Participant: 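For reference, the structure I am asking about is given below.
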Amino acid sequence: MELIQQNPDLSAYLAADEAVDHQHPRVRAIAQRLARRSSDSYVYAQAAYEFVRDAIPHSHDAGDARVTWRASDVLEHRTGICYAKSHALAALLRAEDIPAALCYQRLDGVVHGLVAVRFRGAWHRQDARGNKPGVDARFSLDGERLAWVPDLESNEVDYPVLYDAPHPVVLRALQQAPDRAHLWKTLPAAL
């Protein structure tokens, strides 16, 4: 699948916004800590990915009712669903000047959030949702290692668009949900 930048200006994929708030002190502190232990930007990107995937439980897996959506809040509360974790990973990448895009899949009637990172002149999708039995996502620039591969026969879809900010439908669902039970009823079914 050919990935398509929504915004042709690559610098847009380094920008901060209300959800990908990479200039927030909490985001900066974690980025600096990870960067100190990284020999180059690739090692840093993998460390940031593994931090978000492994140190921030997916709220559904953890039974956490809180809904986070802003990267700094995801990092503070250490919880989030796929979209929120994607915002956190994008913020950590952008904090170290690594272009990061938000992208999506439609799986089993619900939209799933991913991140694409730009290395070697190309975009590479990553899924920091968090592993569990049956899910083994990995950071990779050599072929995707996502949590799920859409089943095209079941009308599941890989959306090819790379967004420089969260899709408005996704962001609205997160911001309007008082808890995860409510969010589960209002998750977008398509983009």
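Please read these numbers as outputs of a predicted model, since none were measured by experiment. The analysis underlying the following values was restricted to heavy atoms, covering all of them including side chains, and did not include hydrogens, waters or symmetry mates.
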Participant: Return the NE2 to CG distance between H87 and L75, rounded to the nearest 0.5 Å.
Facilitator: 12.5 Å
Participant: Is the side chain of H77 donor-acceptor paired with the backbone N or O of T79 at a distance under 3.5 Å, no angle test?
Facilitator: no
Participant: Could you tell me if the side chain of H22 sits less than 4.5 Å from the side chain of E96, heavy atoms only?
Facilitator: no
Participant: Could you tell me whether the side chain of V20 reaches within less than 4.5 Å of the side chain of L102, counting heavy atoms only?
Facilitator: yes
Participant: Main chain of A16, side chain of R94: is a donor-acceptor contact present, judged purely on distance under 3.5 Å?
Facilitator: no
Participant: Does any part of the side chain of S41, heavy atoms only, come nearer than 4.5 Å to the side chain of F119, both counted from C-beta?
Facilitator: yes
Participant: Is there a side-chain contact between I98 and R118 (heavy atoms, below 4.5 Å)?
Facilitator: no
Participant: Out of curiosity, L14 CG to D97 CG, how far, rounded to the nearest 0.5 Å?
Facilitator: 6.0 Å
Participant: Are Y163 and L187 in one and the same hydrophobic cluster, where Ile, Leu, Val, Met, Phe, Trp and Tyr link if side-chain heavy atoms are under 4.5 Å apart?
Facilitator: yes
Participant: Where do Q5 and N7 come nearest, in terms of heavy atoms and distance?
Facilitator: NE2-O, 2.9 Å
Participant: What side-chain donor-acceptor pairs closer than 3.5 Å can you find for residues 165-179, not counting sequence neighbours?
Facilitator:
| unit_1 | atom_1 | unit_2 | atom_2 | d |
| --- | --- | --- | --- | --- |
| H167 | ND1 | V169 | N | 3.1 |
| D179 | OD1 | A181 | N | 3.2 |
| D179 | OD1 | H182 | N | 2.8 |

Participant: Any donor-acceptor pair under 3.5 Å linking the side chain of R106 with the backbone of G109?
Facilitator: no
Participant: Output the distance between atom NE2 (H124) and atom OG (S140), rounded to the nearest 0.5 Å.
Facilitator: 8.5 Å
Participant: List the steps and the verdict of side chain to side chain contact (heavy atoms under 4.5 Å, CB included) for M1 and R125.
Facilitator: CA-CA 11 Å; M1 173 180 68; R125 293 188 312 161; 3.6 Å; yes
Participant: Does D127 come within less than 4.0 Å of R129, counting only side-chain N to carboxylate O?
Facilitator: no
Participant: Quick one: closest heavy-atom pair of A48 and L93, and the distance?
Facilitator: CB-CD2, 4.4 Å
Participant: Please step through side chain to side chain contact (heavy atoms under 4.5 Å, CB included) for the pair L89 and F51, ending with a clear verdict.
Facilitator: CA-CA 9 Å; L89 178 55; F51 176 81; over 6 Å; no
Participant: Testing the basics here: between A116 and L162, what is the closest heavy-atom pair and its distance to 0.1 Å?
Facilitator: CB-CD2, 3.7 Å
Participant: Please check if the side chain of R28 supplies one atom and the backbone of Q23 the other of a donor-acceptor pair under 3.5 Å.
Facilitator: no
Participant: Going by the ring-ring contact (aromatic ring centres under 6.0 Å, His included) test, which pairs reach into residues 129-161, not counting sequence neighbours?
Facilitator: Y42-F139, Y49-F139, H112-W148
Participant: Taking all non-hydrogen atoms of both residues, which atom of E2 and which atom of P160 are closest, and how far apart?
Facilitator: O-CB, 3.4 Å
Participant: Would V52 and L146 show up in the same hydrophobic cluster when neighbours are defined by side-chain heavy atoms closer than 4.5 Å?
Facilitator: no
Participant: Check the surroundings of atom CG in D151: do more than 12 heavy atoms from other residues, nucleotides or ligands lie under 6.0 Å from it?
Facilitator: yes
Participant: Please examine the side chains of V149 and E144, heavy atoms only from C-beta on, and report whether any two atoms are closer than 4.5 Å.
Facilitator: no
Participant: Nearest 0.5 Å please: distance from the CG atom of L114 over to the OH atom of Y83.
Facilitator: 10.5 Å
Participant: How many angstroms lie between atom CZ of R78 and atom OG of S59, to the nearest 0.5 angstrom?
Facilitator: 15.0 Å
Participant: Test your reading of the model: is there a side-chain donor-acceptor pair from D164 to the backbone of Y13, 3.5 Å cut-off?
Facilitator: no
Participant: Relative to W184, does R180 satisfy both conditions: NZ or CZ under 6.0 angstrom from the six-membered ring centre, and within 45 degrees of the ring's axis?
Facilitator: yes
Participant: Examine the side chains of T68 and D73 and answer whether a donor and an acceptor come within less than 3.5 Å of each other.
Facilitator: no
Participant: For S72, is there any backbone N or O sitting under 3.5 Å from a side-chain donor or acceptor partner on R26?
Facilitator: yes
Participant: Any chance you could measure D17, atom CG, to R70, atom CZ, to the nearest 0.5 Å?
Facilitator: 10.0 Å
Participant: How close do A71 and A91 get, heavy atom to heavy atom, and via which atoms?
Facilitator: CB-CB, 3.5 Å
Participant: Is any side-chain heavy atom of V157 closer than 4.5 Å to one of P150?
Facilitator: no
Participant: Taking all non-hydrogen atoms of both residues into account, name the closest pair between V115 and A90 and its distance.
Facilitator: CG2-N, 4.3 Å
Participant: Whether the side chain of Y44 engages the backbone of L92 through a donor-acceptor N/O pair (distance < 3.5 Å, no angle test) should be reported.
Facilitator: yes
Participant: Is there a salt bridge (charged side-chain N to carboxylate O under 4.0 Å, His left out) between R120 and D142 once you walk through the steps?
Facilitator: CA-CA 11 Å; R120 303 178 190 156; D142 300 315; 3.2 Å; yes
Participant: Treating Ile, Leu, Val, Met, Phe, Trp and Tyr as nodes and any side-chain heavy-atom pair under 4.5 angstrom as an edge, say whether Y104 and W123 lie in one connected cluster.
Facilitator: no
Participant: I'd like to check V117 versus L141 (side-chain heavy atoms, cut-off strictly below 4.5 Å). Are they in contact?
Facilitator: yes
Participant: Does L191 belong to the same Ile/Leu/Val/Met/Phe/Trp/Tyr cluster as V161, with side-chain heavy atoms less than 4.5 Å apart forming each link?
Facilitator: yes
